[in-house]
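Order of listing sets the numbers, starting from 1, for every ligand and every atom in it.
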Amino acid sequence: MSKVEWYLDFVDLDYTPGRDELIVEYYFEPNGVSPEEAAGRIASESSIGTWTTLWKLPDMAKRSMAKVFSLEKSGEGYIAKIAYPLTLFEEGNLVQLFSAIAGNIFGMKALKNLRLLDFHPPYEYLRHFKGPQYGVKGIREFMGIEDRPLTATVPKPKMGWSVDEYAEIAYELWSGGIDLLKDDENFTSFPFNRFEERVRKLYAVRDRVEAETGETKEYLINITGPAHVMEKRAQLVAAEGGQYIMIDIVVVGWSALQYMREVAEDLGLAIHAHRAMHAAFTRNPRHGISMFVLAKAARMVGVDQIHTGTAVGKMAGDYEEVKRINGFLLSEWEHIKPIFPVASGGLHPGLMPELIRLFGRDLVIQVGGGVMGHPDGPRAGAKALRDAIEAAIEGVSLEEKAKESPELKKALEKWGYLKPK
Ligand SMILES: O=C(O)[C@@](O)(COP(=O)(O)O)[C@H](O)[C@H](O)COP(=O)(O)O
Ligand SMILES: [Mg+2]
């Protein structure tokens with residue numbers, strides 16, 4: 001009787017991958033098959049194979065077979081390393097890459113759990129991606145901020161302000177010391193606050209505050225929407241002299257993000273990447289796609305800063321995970337510039353010393369409720385945040401700094417060193 005299955009043809013634990021192969025690391029738990037059989041399925045179904053032997057294999061398919069070259073026990077499951085020939089991948093098409101290495105395999109009966117942990121593109125693949133336009137260095141240059149963290153604030157609540165109210169709050173926040181005003185992830189354009197009117201009014205306020213303070217101010221304006229709408233909004237921002245666009249990169253998808261990276265290049269705009277919806281697939285340590293993969297792919301496409309977590313605030317993500325992601329984003333990677341990690345979620349002045357001790361100064365620190373919840377309002381909240389960061393950098397205690405900053409004193413009275421859950 002002829003052979004029915006060929007999954008084990010994709011397993012060779014003596015194989016040494018070539019320099020021109022893309023390596024992927026998966027965690028998996030087999031479901032009723034051997035670990036080799038399960039790993040073979042991952043390699044087969046994410047490259048050229050299927051459940052049964054085939055009439056004929058063209059040469060290109062044979063040359064494009066992925067190979068499991070390492071298999072190790074890990075907790076309740078296994079970690080497999082798989083080598084993928086580059087013949088499998090279209091140059092510069094990240095969407096297609098994810099269709100392969102993050103596609104059907106998550107739905108296979110033979111796997112109880114599967115998690116994409118990391119991928120290692122060789123230079124021959126990486127060279128087709130531009131990476132960020134600005135990155136850490138470019139952003140520090142256009143913001144005129146040499147080594148302290150950048151501050152950002154969302155004028156909470158998430159929505160409900162009219163454009164004029166929003167502009168007034170922006171004036172207070174920027175004047176109080178915030179560098180970047182930020183829209184919330186679900187705040188785009190509504191009858192009570194239209195994007196077009198907001199663009200016109202907010203950049204006028206920005207220019208006024210820059211003239212009054214001598215500091216550069218910017219706006220992480222949320223353009224998230226259908227691709228053609230995002231393009232139009234980016235053009236409006238550029239026309240008004242904006243320097244940044246914000247995109248909820250997970251919900252728009254890699255296709256729209258790759259498209260907007262080109263648009264941003266033409267318009268000279270930096271991209272702030274919000275990751276709303278990421279936790280739907282990054283949070284379960286035994287299944288899904290790691291935040292490390294998401295951040296790596298986003299850097300490759302070319303966002304200039306991306307949310308990565310705080311370890312001390314309200315969102316999930318422990319210190320080890322955040323530290324590893326931030327370390328990678330700030331490291332050298334061929335021609336792909338280092339980008340800013342964004343720490344956000346449940347932060348307030350009391351947490352600044354610990355946050356900066358844990359993650360350093362190359363950070364964008366977004367504090368929404370921790371500024372907008374200040375008893376004396378947005379400007380005082382902004383000042384308290386800047387003073388807390390200054391104290392952390394100077395190495396003085398917040399109590400000491402609060403002696404010269406009534407705003408910080410009030411913030412400490414309200415939140416102390418609380419770690420929100
Ligand atoms: O809506 C919010 O919750 C925030 O605006 C934070 O507000 P607060 O400063 O008021 O908490 C951010 O969207 C989250 O930080 C996103 O999570 P992450 O950064 O983990 O992607
Ligand atoms: Mg938000």
Chemist: Nearest heavy atom to atom 5 (O) of ligand 1: which of K156, K158, E185, Q366 does it belong to?
Modeler: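 Result: the heavy atom closest to atom 5 (O) of ligand 1 is in K156.
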Chemist: Would you mind naming the N, O or S atom of E185 nearest to the Mg ion (ligand 2)?
Modeler: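 Closest to the Mg ion (ligand 2) among those atoms: OE1.
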Chemist: Name whichever N, O or S atom of D184 ends up nearest to the Mg ion (ligand 2).
Modeler: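 The nearest such atom is OD1.
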Chemist: Under a plain distance cut-off of 3.5 Å, with no hydrogens placed, do E165 and S162 share a side-chain donor-acceptor pair?
Modeler: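 Side chains of S162 and E165: pair found under 3.5 Å.
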Chemist: Contact between ligand 1 and G370 is defined here as a heavy atom of the residue under 4.0 Å from a ligand atom; is it met?
Modeler: no
Chemist: With backbone taken as N, CA, C and O and side chain as the heavy atoms from C-beta onward, which portion of K182 lies under 4.0 Å from ligand 1: side chain, backbone, both, or neither?
Modeler: neither
Chemist: Would H274 count as a contact residue for ligand 1, given that I'm defining contact as a non-hydrogen atom of the residue lying under 4.0 Å from a ligand atom?
Modeler: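 It does; at least one heavy atom falls under 4.0 Å.
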Chemist: Are F195 and F190 close enough that their ring centres sit under 6.0 Å apart?
Modeler: no
Chemist: Heavy-atom contacts under 4.0 Å between D184 and ligand 1: side chain, backbone, both, or neither?
Modeler: side chain
Chemist: Within ligand 1, which atoms have a heavy atom of M315 less than 4.0 Å away?
Modeler: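 The atoms of ligand 1 under 4.0 Å from a heavy atom of M315 are 17 (O), 20 (O).
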Chemist: Should G309 be counted as touching ligand 1, given the test is an N or O pair under 3.5 Å?
Modeler: no
Chemist: Would H272 and H307 count as a close aromatic pair, with their ring centres under 6.0 Å?
Modeler: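 Yes, the ring centres sit under 6.0 Å apart.
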Chemist: Taking the non-hydrogen atoms of M372, is any one of them nearer than 4.0 angstrom to ligand 1?
Modeler: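 The answer is no: ligand 1 sits nowhere under 4.0 Å from a heavy atom of M372.
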Chemist: Less than 6.0 angstrom from the centroid, inside 45 degrees of the normal: does R299 satisfy that with respect to the ring of F328?
Modeler: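 So R299 does make the cation-pi contact.
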Chemist: What do you reckon, are the aromatic ring centroids of Y134 and F340 less than 6.0 Å apart?
Modeler: no
